[in-house]
Structure formats: structure tokens, C-alpha cells
Amino acid sequence: MTTPLWLIPAAFIWAFATWQTRRRRLWLAHYAIGAIGLVLIGVFAATWLGFDRALESAEAVQVSAIARALGLAVSVFGPKGIAIGSPGGWSVFDVGLECSALLEALIFAGLVGFYPGFDTHRRAATVAAGVALTYVANLVRVLVIVLIVAQQGGGATFVAHAVVGRLVFFALAISAYWFLMTRPTLTAVARAVGGERDA
Amino acid sequence: MPELWTFVLIWGVWLVTPIVIDGVDTLLRLLTVATAQRRRSRLSSRSVSDDALPTVSLIIPAHNEAQVIDRCLESVKAQDYPSDKLQVIVIDDGSTDDTADRVEDHIYNGGERRARTPEGDLVWANPGYVMRGRTLRLGKFAGRLDLIRNGHGGKAAALNAGLRASNGEILVNIDSDVVLAPDCVRRIAEEFVRDPGLGAATGNIKIDWTMIEARDSEGHLRLDDDGCIVSRELTTLEALTARAQFHEYLHSFRLGRQAQADTGTVYTLAGACSAFRRDVLHDICAYSDRTVSEDTDLTLDLHGRDVAIGFAADAKVHLEPVVDWDALYAQRVRWARGQLEVCSTHRRMVASRGSGLLGWLALPQMLITDHTTAFPRLLWTPLLLVFPAFGYSWGTLAAAAVSLYLFYLLIEVVNTLACYAIVDEETRALAISTLWVLPVMPLYRFVVFHFRLSGYLATLTEPQQWSMRGPIARTRSGMESARLRTVQWTSVMGLWLRMAGSMLTWFLAWLTPLLVAFLVGGERFGHLIRRRP
């Protein structure tokens, strides 16, 4: 990939827009610009540096190892593929950008990184926890896909990937957002309002 | 087509969100309402005689409501409720306009209003009030109307003052900008008579754009040739906004509140109209001003004490739509803030089995829908525009966006059809006549979604306040500020240029004679200079 020099001025423009919207207390604009900019710059920087391919390879290796530990006939195939043995034969599942959790992890980092409800320490800890949980959720998703394909054969790849795996990831991701964003927000707002009512 | 499905489903983690959450929520709501409809029909058909009706205290807090308090009081005075069983208390919350004077005028003088006739004359008139485009005139009011001046302590303090002054068995709080249907109080009272276990109930709030009164340049009412109030003509955008809110409230109350009442999960008794048995409210004792949503706060308090909360579907309360987008922004920001503050102060109830279905299902579901998944949705919508950089075609992108729009349009259509099946004839006719707004509803809700999100962020960043400046006012203010800065900068630049020009002029003024002298008598000057040691 050619060096994306446009990233540098884009980053400056993003930083300026984020600073100005915060200065003017335009919170929604600040939050959206900050988070979206972080995601875009992160994705393009990651693909430029090859981090996405490294992540995809790591996912393939880790899922294969876990699946083999569970007794499935699975092995790594190529740089980021997973070969899955099933009653109907072998299927190959390629871990692409959409299965690498890179985008979802960056989205979480952006949403928490610019969330006004946390102090710096909490923000850093929550970003770290959320990124880790997103990665783990994605591992679980890919593992579920592998399990279904191993049981049902290659014909089930589409449903396993597009429906079941996606729903599993959705449930885990929403749980992460609930415990790392919504519940702490309730605590923070309660403190600001003046405590809890006896109900 | 496979690429489309790949895009929609593989990339659809946040497309899955609306389908799973909004779609499932709609289905559950419809099922709940449908299964309970038959039982409700049986109950509501039992008539209640005047003798069996309880005494009612109608409590109306008001702060700077001079423009709207008249029509509210006229609709109250028009209630077909036994006047000896109806007590009306208006609490003036430190108004700086004529609100208190208007109320006293109703108490002592019948509440005539200054109005402009079509001939241009200014007259005192009792034109009644407008409801659904009809002017309703009233006879003499035989009930009791009292005014309490309470200073400016806020809405919660005003409501509490009204509660202390009340003596009815049933307490009904209404906002001062609503218009009650003539049988509203009766329908509310009948709910409490038919269901002895009912502790509180919310009225059925309906958006009515005909309530917006036309006024002349001096703020007086305008009358037509029959002496009836003229409703203001709305602009296209205002008309669209009004009808969008009509459908929004129709779905929210007729389906949403009904389903909540059927499952015991009502989490907001509408401030526009809510009713309580006296002993229930006095047990709680007071509205609180800790949050900006004292009505929701009280509702969750009632749940904490296992008070049964219902929905009086036949008790119709008409509310003017908010057609100004800055005002709509402020309203939705306040609602979002109130929701978050109340859930925070009752967070022990959230996801708690001890709080019944409300605690372990309804409150978490509401927070997940409105808060938890709102933030990822905020990002995924604009990020969709970047997907072509990852190899997806614009056509696929457009197809996915259209699919999502059609999904939300389907929800609107299904909800409207469900309402059509259970509402009265008048509402049905209105729903049919405003069907044209349904294709715009997903866009309307998309904009309002961002208003609410702004409210959640403001809760964490801004102090508690009743009103916030809307995006249109801020944009105008920002552009005006930029214009003034540009003018200022241009003026400063102009000043510098003028100064530079002046200096140059001054310099040239001195230099020119020297130059001329040098050129004309240059030899002599040169000789003089050369002769100097």
C-alpha cells in the first residue's frame, strides 16, 4: 500500500475540529468528530502498517488452537485462513477485515475515548478493557462459526458467519457496552444528582 | 445480490441492532396490546353513575403561561363532571407575565379574552377553545377554581403546593398548556372506580395542531366571522413536524403506554396528565426537584412501593405540537437528561429481579435501546460512507441504506395499522389523513435520535437547566459571530491599510518636493553635497 501522506493533514484537521467543537461546547459534534476521526485514522493507519494482516493471522492461529483443543479437525491454512474438517469434507474460512475485530475495537476506543463521563484514568482503563473484550468476543464469534461448519459442513458457512456468528458477537459486544459505558454512566450521574432515592 | 446479502448481513452488526432491538420491541408491544384488548373492552363498557364518581382535585402548575392558560382553563371549566365533586387549583410558580392575572380573571370575571375581529376591532370575548378544529364554547362554570401564588420554586414545588391544598380522592395533575377533552376527568375517574386496585394512571396525550391559535401583531387572538378562534396557518415544515409528532405520540401512547400498563411497566406518568389516588401520593409525600423529570422520578418511586399504574386510554388530553426545531431540541434534550437522571437515582431497580418486570426487563431494555446501542449507531451511520474504501460498491451501500430505511418504514406502517384497529373514529380519520407523513417518519426519528443523544452528553457535561439552545439558534448565532468577526477583521485590516496609506502619503508628501528639487536643481545639490567634508 502506498504511503498515505494525506493522513497527516487529515489528522491535523481532525484534531483542530475536535478541539474547536469542544471549546464551543458542541458536545455531540465533538463526540462524533472525535470518535469517527479516531476510527478512520486508526483503520487507515493499521492497514498501511500491515497491522490488520497481523491481527487476522493472530486470530486464525488462536481460533485454530482453541478448536483443536476442543477436539475439532482444524488447522491454519495460509497466512490467515482456517481449514475446517467436517463430515462433508474440508472447508476453508478466511479471516478478513470484517472478522478481525479491528473496526469494532477502534469504534469502542473512539466511543469511550471521547466519552465525557469518565476521567482520564477510568477512560484509559475502560478503553483497554473494551478493546480486549471486543477481541475476545470476536474470537468467540469465529469459534462459533468454526464449530457450526465442523458440525454441519461447508454449506452452513453463510448462516454460521452472517447470522449466528454475528448475533453472538452482537450479544457480547452489547454486554461490553452495557457494563463499560451505561452502568458507569448511571453511577456518575447519580453522584452528580446527589445520590440514590430509596425506592 | 449475493454481494448485497454479504454486505447487509456480514457487515450488519449495527444493522442487526435495529432489526433485533426495534423489530422485536415492536412485535412484543403489538402482541401485548392485542392480547389485552378484549379484557379492556369488557371493563370499559361498564358505565359509572355520577353518584359513584369520586371527588377530584385538578392541579395545574403554571409558569409564564399567559398565552395558553386561558384555553386550558376553559377546557377544565367545560368538563362534564359533577361540579360539586371537582376542585381546580392553579399554582402560579412566580410568573413574570400575566398568568396569575388571567387565572384571577377566570375566577372572578369569567375569563373573557381580548380578541381581534375580522373587521379589525379589538373586543372582549368568550370564544371558548379549539379542539380538533372545532371551537367548543362553555356554559357557566359552577365548580371551584382557586389560585395559589407560590413564588418561583420550580415545577416540583408548585405541584407539591397543589397537593397540600387539594382535598379530592383522586388527584389529577395537568400541564397548563394542554386542552382536556370534555369527558377527560370523567374517564380518568371511571378508571379508578372500575379498578379498585389502580393507584395511578396516565392520560392519553394526543397532538393537536389546530390548538395553535392565530394572533395579530399585538398578540391578541384572531376571530373569524362566527366569533370562533382562528387556528394559525402552519408552514410546510411546521405542518410536517406537527403530523410527525401526531404519529409519534399515537404510537407512543396508544401502543407503548398501553403495553406498559398491561405488563405493569409504565415508567413515566405523563406530566401533561397524570392521576393518583390520594392515599398513594400522600404516602410518597412529594415530587422531587432533584431531576428535571419529576414525573418519571415519581413513577419509579410508586413502582418501588408496588403501586399499580395504568393507562386511561379514553381520557384524551390535547397537546400542541412543538413545531420550532430549537424548541423540539430543548424538549428532547430535557427528556433524555431526565431519563438518565431518574434511572441513575433508581439504579438499584435496573436489572433487579426484586423490582418485577419493570426492573429486570423494561428498564434495562429502555436503557439498552436508548443509551447503550445509541453510541455505536451514532458512528456506524457515517462510517457506512467510508466502506467503499474497503472495496464495497456504492450500489451495495445504497442498497443497504435503502433496506434499513424500508425496515423502519415498515415499523411505522405496522404501528399505525395497529393503532387504527383500536382507536376511536376521530383518531382513525386523522391517522388516515396524515398517512403521507409516514415516509418521512424514519428521517424525523433519525433527527430526534441525535437530539436525545445530545441530551445524554449534556447530562455529563452541562449543569442541570430547563432549556438548552437548539442547533438552529446556535448555527445562526455562530454564523452571526463569524460575520461580525469577519467585519471586525476586515475593519482592522482596513485600518492598517489606511494607516499604511497615510504613512505612505505623508512620506511621499515630504519626499516629492525633495525629489522635484533634486531633479530641477540637481547639479547644485550635488555640488553642495560633494563640497561637504
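First the proteins, then the strands, lettered A, B, ... as listed; each starts at 1.
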Counting only heavy atoms closer than 4.5 Å, note whether Leu383(B) contacts chain A via side chain, backbone, both or neither.
side chain

Once you round to the nearest 0.5 Å, how far does CZ of Arg25(A) lie from NE2 of His30(A)?
11.0 Å

Relative to chain B, which segment of Phe108(A) carries a heavy atom at a distance below 4.5 Å: side chain, backbone, both, or neither?
neither

Residue pair Thr268(B) / Thr296(B), side-chain donor-acceptor N/O under 3.5 Å
yes

Excluding sequence neighbours, so at least two apart, what forms side-chain contact (heavy atoms from CB on, under 4.5 Å) with Ser175(A)?
none

Could you look at Thr459(B) and say if it's the side chain, the backbone, both or neither that has a heavy atom under 4.5 Å from chain A?
side chain

Establish, from distance only, whether the side-chain atoms of Glu59(A) and Asn138(A) form a donor-acceptor pair under 3.5 Å.
yes

Do Phe451(B) and Tyr329(B) make the cut of ring centroids closer than 6.0 angstrom?
yes

Answer with yes or no whether the side chains of Arg334(B) and Gln331(B) bring together a donor and an acceptor at under 3.5 Å.
no

Which region of His450(B), side chain (C-beta onward) or backbone (N, CA, C, O), has a non-hydrogen atom less than 4.5 Å from a non-hydrogen atom of chain A, or is it both or neither?
both

Are there residues of residues 179-186 of chain A whose heavy atoms fall under 4.5 Å of chain B's heavy atoms? If so, which?
Met181(A), Thr182(A), Arg183(A), Thr185(A), Leu186(A)

Steps toward salt bridge (Lys or Arg N to Asp or Glu O under 4.0 Å) verdict (Arg290(B), Asp301(B))
CA-CA 13 Å; Arg290(B) 277 148 57 115; Asp301(B) 283 346; over 6 Å; no

Taking the six-membered ring for Trp and the full ring for Phe, Tyr or His, determine whether the centres of Trp90(A) and Phe77(A) are under 6.0 Å apart.
no

Under a 4.5 Å heavy-atom cutoff, which of Val350(B), Leu457(B), Ile368(B) has the most pairs with chain A?
Leu457(B)

